[in-house]
Chemist: 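Input: one structure, supplied below.
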Amino acid sequence: MIRANWIVFGKICKKDYLRKHSKSASTYGALESLSGINGLTAKPTKYVLCTALTSCAKTLNWHLGIHIHAYMIRSGYEDNLFLSSALVDFYAKCFAIVDARKVFSGMKIHDPVSWTSLINGFSINGQGRDALLLFKKMLCSQIKPNCHTFVSAISACVGQNGALEHCSTLHAHVIKRGYDTNNFVVSSLIACYANWGHIGDAILLFGETSEKDIVVYNSMISGYSQNLYSEDALKLFVEMKKKNLSPTDHTLCTILNACSSLAVLLQGRQVHSLVIKMGSARNVFVANALIDMYSKGGDIDDAQCVLDQTSKKDIVLWTTMIMGYAQCGRGSEALELFDCLLTKQELVPDNITFTAVLTACNHAGFLDKGVEYFNKMTTDYGLSPDIDQYACLIDLYARNGNLSKARALMEEMPHDPNYVIWSSFLSSCKIYGDVELGREAAEQLIKMDPCNAAPYLTLAHIYARKGLWNEVAEMRRLVHQRRIRKSAGWSWVEVD
DNA sequence: CTAGGGTTAG
């Protein structure tokens, strides 16, 4: 399930990324210097073309990039190693990995740069497996991988099922070749180990590395944070400052996230003053992390202050704030804020904004309003609800006692109900004592995760409340037979 | 003249 979400998320990121970066200022500079391309007097040299291609890769300027490719063919630059490598990189960065591979295959000779470009291309296109296969192929070729290659190969192991072993193997190669003093390599290794929950290996490597730069510290701090060692993240942050390394906006975001999960307002406020001192409050990522930190820390008013003081607000900031109100039980204020956002008409709400709004309705028990907002999504904003918004609506109906409507929605929606949906539905079945629907929900949950005792327990509870003691005994037998581990405080019939 | 690291936010 986690893997599936990751793929979906990857797609969303890709789309957003293309939209945000499709044309930035530097591209126009490149365009001007290339004015010769369309038959004007000065012909661009191969050096200019190469720099322009790099620029196209960075700014995702697809149009100019393919134009240059065509020009390369016309001008006989097709076999230039530098230009071809840049072309591989361009196609890969623009998510046209098939074209990148085609260019690579058509090259008469390869060098570490062309190999690395394609390996990295597979990696950033979410094809870590192919990236690693290509790396293996490279090892069999005449060309030896360098630091750049290792960084790309190691990054390919992140989020790739079963790639932890590859990461360790790559680490061994790195040590053998003496690349373990390179900070680029070290930071990618730390991130990979942390990603797989092997925080011990990450710590070991971090400790062995001398002359660590800010990114290596950032990797380790976020590694701690990801693995819920938030206190260690804060400690390392302090240590980093003692070493006179000055935090970047990345550092501030990560450390604020750690403060959020610890719900520590005191430290969060200290980081906030540092944010102001560094002038990072303008960075929307940092501002967002601040709002989230104050919300989770229980100071929703200070969260609102941050939002008010941020001049360039985007939809994510508003959404975080709405979610903050929703989660602390101030549903009406969440909806007021949302209406305020709508009246400004500067920003357009997206699916996640509606998740926040529906969460607010859910926590406040506003069934009618929830349904209204859910319908508005499609009619007024042309959005198609994804599984998260359906989950809110289903939960809204179920919590209000309309279990059959909730169940019907699960059938009607264009998604398969996930674990979260069945699980919240089961809770509602428990509240309203619905044996039939409760049994179905529990069966689905057990099928999805056979080792979790919770659905057995809840169903047994529903049976017990109806005096169905034979069924309670059956549940007990199943748990025993299937050797399901019970956690502390676990009992057959809860005492309300 | 070509390739590489860290949250890419809710």
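Throughout, protein chains are lettered first and strands after them, A, B, ... in sequence-line order, and every chain is numbered starting at 1. Keep in mind that the numbers below use all heavy atoms, side chains included, and drop hydrogens, waters and symmetry copies. All of these numbers come straight from a predicted model, not from anything done at the bench.
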Chemist: Rounded to whole angstrom units, what separation is found between the NE2 atom of A:His173 and the P atom of B:dG4?
Modeler: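 Distance, rounded to whole Å: 22 Å.
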Chemist: When you get a sec, tell me which of B:dG4, B:dA9, B:dT2 is the closest nucleotide to the side chain of A:Val316?
Modeler: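 The answer is B:dA9, which lies nearest to the side chain.
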Chemist: What's A:Ile315 touching, base or sugar-phosphate or nothing? Going by heavy atoms closer than 4.0 Å.
Modeler: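 Here A:Ile315 touches the bases of the nucleic acid.
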Chemist: Please work out if A:Thr353 contacts a base, only the sugar-phosphate, or nothing of the nucleic acid, heavy-atom cut-off 4.0 Å.
Modeler: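 Here A:Thr353 touches the bases of the nucleic acid.
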Chemist: Has the side chain of A:Asn146 got a donor or acceptor atom sitting under 3.5 Å from an opposite partner on the base of B:dG4?
Modeler: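 Side chain to base: no pair below 3.5 Å.
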Chemist: At under 4.0 Å between heavy atoms, what does A:Asn288 touch on the DNA or RNA strands: base, sugar-phosphate, or nothing?
Modeler: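 Base contact.
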Chemist: Taking the side chain of A:Thr51 as heavy atoms from C-beta outward, which of B:dT2, B:dC1, B:dG4 is closest to it?
Modeler: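 Among B:dT2, B:dC1, B:dG4, the one nearest the side chain of A:Thr51 is B:dC1.
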Chemist: Are any non-hydrogen side-chain atoms of A:Arg269 and A:Asp299 less than 4.5 angstrom apart?
Modeler: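 The answer is yes; the side chains approach within 4.5 Å.
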Chemist: Could you check whether A:Asn183 gets within reach of a base, just the sugar-phosphate, or nothing at all, counting any heavy atom under 4.0 Å?
Modeler: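 The answer is base, as A:Asn183 lies within the cut-off (heavy atoms under 4.0 Å) of a base atom.
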Chemist: Whether the A:Asn146 and A:Thr149 side chains hold a donor-acceptor pair (N or O, under 3.5 Å, no angle test) is what I'd like checked.
Modeler: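 A:Thr149 and A:Asn146 do have a side-chain donor-acceptor pair below 3.5 Å.
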Chemist: Rounding to a whole Å, what distance do you find between A:Ile143:CD1 and B:dT2:C1'?
Modeler: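 Result: 14 Å.
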Chemist: Any base atoms under 4.0 Å from A:Thr248, or only sugar-phosphate, or nothing? Heavy atoms, all strands.
Modeler: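 Base contact.
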Chemist: Output yes if the stacking criterion (under 5.5 Å between centres, under 30° between planes) is met for A:Tyr47 over the base of B:dC1, else no.
Modeler: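 No; by the centre-distance and plane-angle rule, A:Tyr47 does not count as stacking on B:dC1.
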Chemist: Taking CG from A:Leu170 and C1' from B:dG4, how many angstroms apart are they, rounded to a whole number?
Modeler: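 Between C1' of B:dG4 and CG of A:Leu170: 14 Å.
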Chemist: Quick one: A:Phe150 CZ to B:dG4 C1', roughly how many Å, whole number?
Modeler: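 Computing the A:Phe150:CZ to B:dG4:C1' distance gives 13 Å.
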Chemist: Mind checking if A:Val284 touches a base, just sugar-phosphate, or nothing, with heavy atoms under 4.0 Å?
Modeler: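 The residue A:Val284 makes base contact.
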Chemist: Over all strands shown, is A:Asn80 touching base, sugar-phosphate only, or nothing at heavy-atom distances under 4.0 angstrom?
Modeler: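 The residue A:Asn80 makes no contact with any strand.
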Chemist: By the 4.0 Å heavy-atom rule, please label A:Asp111 as base, sugar-phosphate, or nothing.
Modeler: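 The answer is base, as A:Asp111 lies within the cut-off (heavy atoms under 4.0 Å) of a base atom.
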Chemist: Measure the distance from NE2 on A:His148 to C1' on B:dT2 and round it to the nearest whole Å.
Modeler: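 In whole Å, B:dT2 C1' and A:His148 NE2 are 11 Å from each other.
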Chemist: Check for a donor-acceptor pair, side chain of A:Asp386 on one end and backbone N or O of A:Asp388 on the other, with a separation under 3.5 Å.
Modeler: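 Judged by distance alone, yes, a pair lies under 3.5 Å.
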Chemist: How long is the line joining CG of A:Asp89 and C1' of B:dT2, in whole Å?
Modeler: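 So the two atoms are 8 Å apart, to the nearest Å.
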Chemist: Test A:Tyr373 against every option in A:Phe366, A:Phe354, A:Phe338 by the ring pair (Phe, Tyr, Trp, His ring centres under 6.0 Å) rule and name the one that passes.
Modeler: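 The single option meeting the ring pair (Phe, Tyr, Trp, His ring centres under 6.0 Å) with A:Tyr373 is A:Phe338.
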Chemist: A:Lys296 NZ to B:dG10 P: how many Å, rounded?
Modeler: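 Spelled out: NZ on A:Lys296 to P on B:dG10 is 7 Å.
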Chemist: Out of B:dG10, B:dG5, B:dT2, which has the shortest distance to the side chain of A:Ile352?
Modeler: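 Given the options B:dG10, B:dG5, B:dT2, the side chain of A:Ile352 is closest to B:dG10.
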Chemist: State which of B:dG4, B:dC1, B:dT2 makes the closest approach to the side chain of A:Ala86.
Modeler: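 Shortest atom-to-atom distance from the side chain points to B:dT2.
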Chemist: Donor-acceptor check, side chain of A:Asn125 to backbone of A:Ala96, threshold 3.5 angstrom: yes or no?
Modeler: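 Not a single qualifying donor-acceptor pair exists.
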Chemist: Scan A:Asn182 against the nucleic acid and name what it touches under 4.0 Å (heavy atoms): base, sugar-phosphate only, or nothing.
Modeler: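 Base contact - A:Asn182 has a heavy atom under 4.0 Å of at least one base atom.
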Chemist: Within the structure, does a side-chain N or O atom of A:Lys58 lie under 4.0 Å from either OP1 or OP2 of B:dT2?
Modeler: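 It does not, given that no N or O in the side chain of A:Lys58 lies less than 4.0 Å from OP1 or OP2 of B:dT2.
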Chemist: Name the residue from A:Trp62, A:Tyr91, A:Tyr77 that meets the ring pair (Phe, Tyr, Trp, His ring centres under 6.0 Å) definition with A:His69.
Modeler: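 In the set A:Trp62, A:Tyr91, A:Tyr77, the residue that makes a ring pair (Phe, Tyr, Trp, His ring centres under 6.0 Å) with A:His69 is A:Tyr91.
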Chemist: Expressed as a whole number of angstroms, how long is the span from A:Phe104:CZ to B:dT2:P?
Modeler: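 Spelled out: CZ on A:Phe104 to P on B:dT2 is 19 Å.
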